[in-house]
Amino acid sequence: MNTKDKLKEIKQSFRLFMNGATSSSMRKKGLNYKINWGVPLPILRQNAVKYGKDYELAIELWKDDIRECKIMATYIMPAQMMKREQVDKWMETVRNQELAELISFNLLKNLAFSQTLAFDYMSSKDNIYQICGYQLLASLFVDGHIPNDLLINKFLTLVQGVLKEGELNVQHSAFNSINKFCDLGEKYRSLVVKALPELDFL
């Protein structure tokens with residue numbers, strides 16, 4: 001089956017699992033797409049397994065402003081084939097928190113330059129990029145990746161700034177990354193307590 005036929009088959013499958021109530025709720029929360037079928041994530045993830053990693057299919061899926069297409073693209077794109085320029089181009093069309101988190105967890109964390117990407121995005125002035133950056137770094141922490149001391153200091157400084165002036169959704173992502181950082185061990189938890197004493201819940 002060629003890429004065109006696969007794309008057609010995937011789009012047709014969305015109709016089988018469409019959920020109008022979920023789609024309407026998403027729109028009210030700001031998840032705006034040209035088309036949003038409201039298909040649950042587990043179904044999209046399961047459907048993606050059927051096609052495996054497929055660069056050309058992922059490229060075509062991402063082109064459409066359809067929620068389900070973009071999410072499936074994050075599952076299907078082979079990370080080793082994605083260049084920085086292409087990542088940045090994809091990110092230009094990420095306009096909501098759900099997709100920012102999913103592209104981070106499903107795809108970006110597997111890139112060879114994922115850590116650099118995370119810090120670049122956390123340093124951005126754009127909320128969606130910041131959410132993506134913090135979510136990406138949190139995913140790397142979960143996988144056991146530990147930045148060097150210089151980057152740890154930069155991370156804690158960036159979080160300090162977000163806690164003082166950041167938007168609520170960015171703060172949420174920053175909190176998540178801090179919690180995952182603390183899970184790396186008592187040494188890292190102590191660094192957070194010292195740098196961010198206001199987080200007394202830690």
Side-chain angles (χ1 to χ4, degrees), residues 1-111 114 117-118 121 124 126-140 142-143 169-170 172-173 176-177 180:
M1 187 183 300
N2 61 34
T3 298
K4 183 178 179 181
D5 290 337
K6 291 178 184 177
L7 188 62
K8 182 179 179 181
E9 183 178 74
I10 289 172
K11 289 182 178 180
Q12 289 176 338
S13 74
F14 297 151
R15 297 179 182 274
L16 301 175
F17 304 102
M18 65 180 292
N19 187 318
T22 299
S23 176
S24 178
S25 175
M26 288 179 178
R27 282 195 297 272
K28 291 178 182 178
K29 295 176 181 176
L31 274 71
N32 296 316
Y33 296 91
K34 183 177 180 180
I35 299 176
N36 180 352
W37 296 102
V39 180
L41 293 178
I43 291 176
L44 294 176
R45 184 165 55 247
Q46 182 179 4
N47 200 19
V49 172
K50 172 183 176 181
Y51 297 94
K53 298 297 183 182
D54 187 324
Y55 179 84
E56 295 299 333
L57 181 57
I59 291 294
E60 292 305 312
L61 282 166
W62 190 266
K63 288 179 181 179
D64 286 308
D65 190 22
I66 300 173
R67 171 181 173 268
E68 288 72 17
C69 284
K70 287 193 178 296
I71 291 173
M72 281 196 64
T74 70
Y75 291 122
I76 290 173
M77 172 61 78
Q80 70 275 15
M81 296 181 68
M82 200 150 199
K83 305 300 182 183
R84 174 63 190 261
E85 297 78 16
Q86 195 167 38
V87 173
D88 290 338
K89 186 175 181 179
W90 276 31
M91 280 299 299
E92 290 175 2
T93 63
V94 176
R95 300 189 300 273
N96 62 69
Q97 185 169 347
E98 180 194 42
L99 190 55
E101 292 178 348
L102 289 172
I103 193 173
S104 297
F105 183 77
N106 297 338
L107 176 60
L108 302 186
K109 74 170 187 176
N110 299 315
L111 300 173
S114 56
L117 195 68
Y121 286 175
S124 170
D126 185 282
N127 287 352
I128 292 299
Y129 279 78
Q130 289 179 35
I131 289 170
C132 185
Y134 284 111
Q135 181 62 39
L136 175 52
L137 197 59
S139 297
L140 292 175
V142 170
D143 290 344
N169 54 358
V170 179
H172 176 79
S173 296
N176 182 48
S177 66
K180 300 306 181 186

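- Lys4 is linked by a salt bridge (Lys or Arg N to Asp or Glu O under 4.0 Å) to nothing, counting only residues two or more places apart in sequence or in another chain.
- We find the CG-CG distance between Asp143 and Asn110 to be 7.5 Å, quoted to the nearest 0.5 Å.
- For the atom pair Glu92 CD and Tyr129 OH, the distance stands at 5.5 Å (nearest 0.5 Å).
- In terms of heavy atoms, Leu61 sits closest to Leu7 at CD2-CD1, 3.5 Å.
- Considering only heavy atoms from C-beta on, Leu57 stays 4.5 Å or farther from Met72 through its side chain.
- Annotation: the span from Ile131 atom CD1 to Ser173 atom OG amounts to 4.5 Å, rounded to 0.5 Å.
- Contact annotation: the side chain of Ile71 never approaches that of Val39 to less than 4.5 Å [non-hydrogen atoms, C-beta and beyond].
- The two residues Ala73 and Ala58 have their closest heavy-atom pair at CB-O, 3.6 Å.
- Residue-environment remark: OH (Tyr51) exceeds the threshold of 12 foreign heavy atoms within 6.0 Å.
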Candidate pair Asn96 and Tyr33, rule side chain to side chain contact (heavy atoms under 4.5 Å, CB included), full reasoning: CA-CA 10 Å; Asn96 62 69; Tyr33 296 91; 2.9 Å; yes

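- Between Cys132 and Ala100, the closest heavy-atom pair is SG-O, 3.9 Å.
- The salt bridge (Lys or Arg N to Asp or Glu O under 4.0 Å) with Asp65 is formed by just one residue from the set Lys34, Arg95, Lys70; it is Arg95.
- To the nearest 0.5 Å, the span separating CG on Asn169 from CG on Asn127 amounts to 5.5 Å.
- Separating the CG atom in Leu108 from the CD atom in Glu101 is a distance of 12.5 Å, to the nearest 0.5 Å.
- In this structure the side chain of Lys53 never reaches within 4.5 angstrom of the side chain of Gln80, judged on heavy atoms.
- Side-chain atoms of Tyr134 and Asn176, non-hydrogen and from C-beta on, never get closer than 4.5 Å to each other.
- With sequence neighbours left out, Ile59 forms a side chain to side chain contact (heavy atoms under 4.5 Å, CB included) with Tyr55, Lys63, Met77, Gln86, Trp90.
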Stepwise side chain to side chain contact (heavy atoms under 4.5 Å, CB included) check, Trp62 with Thr74: CA-CA 8 Å; Trp62 190 266; Thr74 70; 3.9 Å; yes

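- Of the candidates Trp37, Phe17, Phe14, Phe14 is the only one forming a side chain to side chain contact (heavy atoms under 4.5 Å, CB included) with Leu44.
- The number of heavy atoms from other shown groups lying within 6.0 Å of NZ (Lys89) does not exceed 12.
- The shortest heavy-atom contact between Gln97 and Ile128 is N-CD1, 3.9 Å.
- With sequence neighbours excluded, no residue forms a ring-ring contact (aromatic ring centres under 6.0 Å, His included) with Tyr75.
- Using a 4.5 Å heavy-atom cutoff, the side chains of Ser114 and Leu140 are in contact.
- Under a cut-off of 6.0 angstrom, the local environment of CD in Glu9 is crowded, with over 12 non-hydrogen atoms contributed by other residues, nucleotides or ligands.
- Looking at Glu60 and Lys6, no side-chain N of the basic residue comes within less than 4.0 Å of a carboxylate O on the acidic one, giving no salt bridge.
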Met91 and Ile103: CA distance, side-chain angles, deciding distance, side chain to side chain contact (heavy atoms under 4.5 Å, CB included) verdict: CA-CA 9 Å; Met91 280 299 299; Ile103 193 173; 4.3 Å; yes

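- In this structure, NZ in Lys109 is found 11.5 Å from CG in Leu111, a value given to the nearest 0.5 Å.
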